[in-house]
Amino acid sequence: MKRWATISPDYEYGHTSWKMFRAYLKRFKPDVEFVGESFAKFGTVDFSSHISKVMGLNPRAFSRPNGAERPSPW
């Protein structure tokens, strides 16, 4: 997949994860495009504005790291 976007948590973990993901993927797929990003504030429960923003950029794939605010299923 060539066109990537993210909806990530808006704190150090989310920004660093996205930065590292982009660097790693670009290393192995130099023709990849990163078309958008949206960073959600801690505690966000309605992601509709983030989804709309990113979907409007027509990505083909998403990177979405789990942040500390997401409860563990275990």
Side-chain angles (χ1 to χ4, degrees):
M1 292 193 210
K2 193 171 178 178
R3 295 174 54 87
W4 285 81
T6 191
I7 298 173
S8 296
D10 191 14
Y11 54 93
E12 185 63 30
Y13 174 78
H15 289 270
T16 300
S17 295
W18 179 231
K19 181 179 176 181
M20 291 172 63
F21 176 82
R22 288 180 303 171
Y24 185 81
L25 189 58
K26 196 73 163 166
R27 181 175 167 196
F28 294 99
K29 294 192 66 104
D31 64 335
V32 73
E33 296 176 62
F34 300 102
V35 297
E37 57 192 24
S38 189
F39 293 95
K41 299 287 182 201
F42 187 81
T44 297
V45 294
D46 179 4
F47 290 88
S48 58
S49 64
H50 298 282
I51 294 168
S52 294
K53 175 183 175 182
V54 171
M55 291 304 293
L57 302 169
N58 295 320
R60 299 298 296 160
F62 287 93
S63 167
R64 195 195 75 71
N66 286 338
E69 77 278 8
R70 183 178 168 123
S72 171
W74 321 118

Name all pairs fulfilling the salt bridge (Lys or Arg N to Asp or Glu O under 4.0 Å) condition that reach into residues 10-26, sequence neighbours left out, sorted by first residue then second.
-> Asp10-Lys41

Trp18: partners by side chain to side chain donor-acceptor pair (under 3.5 Å), with sequence neighbours left out = Glu37

Considering non-hydrogen atoms only, spot the tightest contact between [X] and [Y] and give its length.
{"X": "Gly14", "Y": "Ser8", "result": "O-CB, 3.9 Å"}
{"X": "Val54", "Y": "Pro59", "result": "O-CD, 3.2 Å"}
{"X": "Met1", "Y": "Ala61", "result": "SD-CB, 3.5 Å"}

Fit a plane to each ring of Phe39 and His15, take the angle between them on a 0 to 90° scale, and name the class: parallel (under 30°), tilted (30 to 60°) or perpendicular (over 60°).
-> parallel

For side chain to side chain contact (heavy atoms under 4.5 Å, CB included), just list the numbers for Trp4 and Phe62, CA-CA rounded to whole Å, side-chain angles, deciding distance to a tenth of an Å, and then say yes or no.
-> CA-CA 6 Å; Trp4 285 81; Phe62 287 93; 5.6 Å; no

Return the set of residues passing side chain to side chain contact (heavy atoms under 4.5 Å, CB included) with [X] (not counting sequence neighbours), or none when no residue passes.
{"X": "Asp46", "result": "Ser48"}
{"X": "Lys29", "result": "Leu25, Asp31, Val32"}
{"X": "Lys53", "result": "Ser38"}
{"X": "Ile51", "result": "Ile7, Phe47, Met55"}

Who else is in Phe28's hydrophobic cluster (ILVMFWY, side-chain heavy atoms under 4.5 Å, direct or via others)?
-> Tyr24

Checking Arg3 side chain against Asn58 main chain: does a donor-acceptor pair fall under 3.5 Å?
-> yes

Mind checking what makes salt bridge (charged side-chain N to carboxylate O under 4.0 Å, His left out) contact with Arg60, not counting sequence neighbours?
-> none

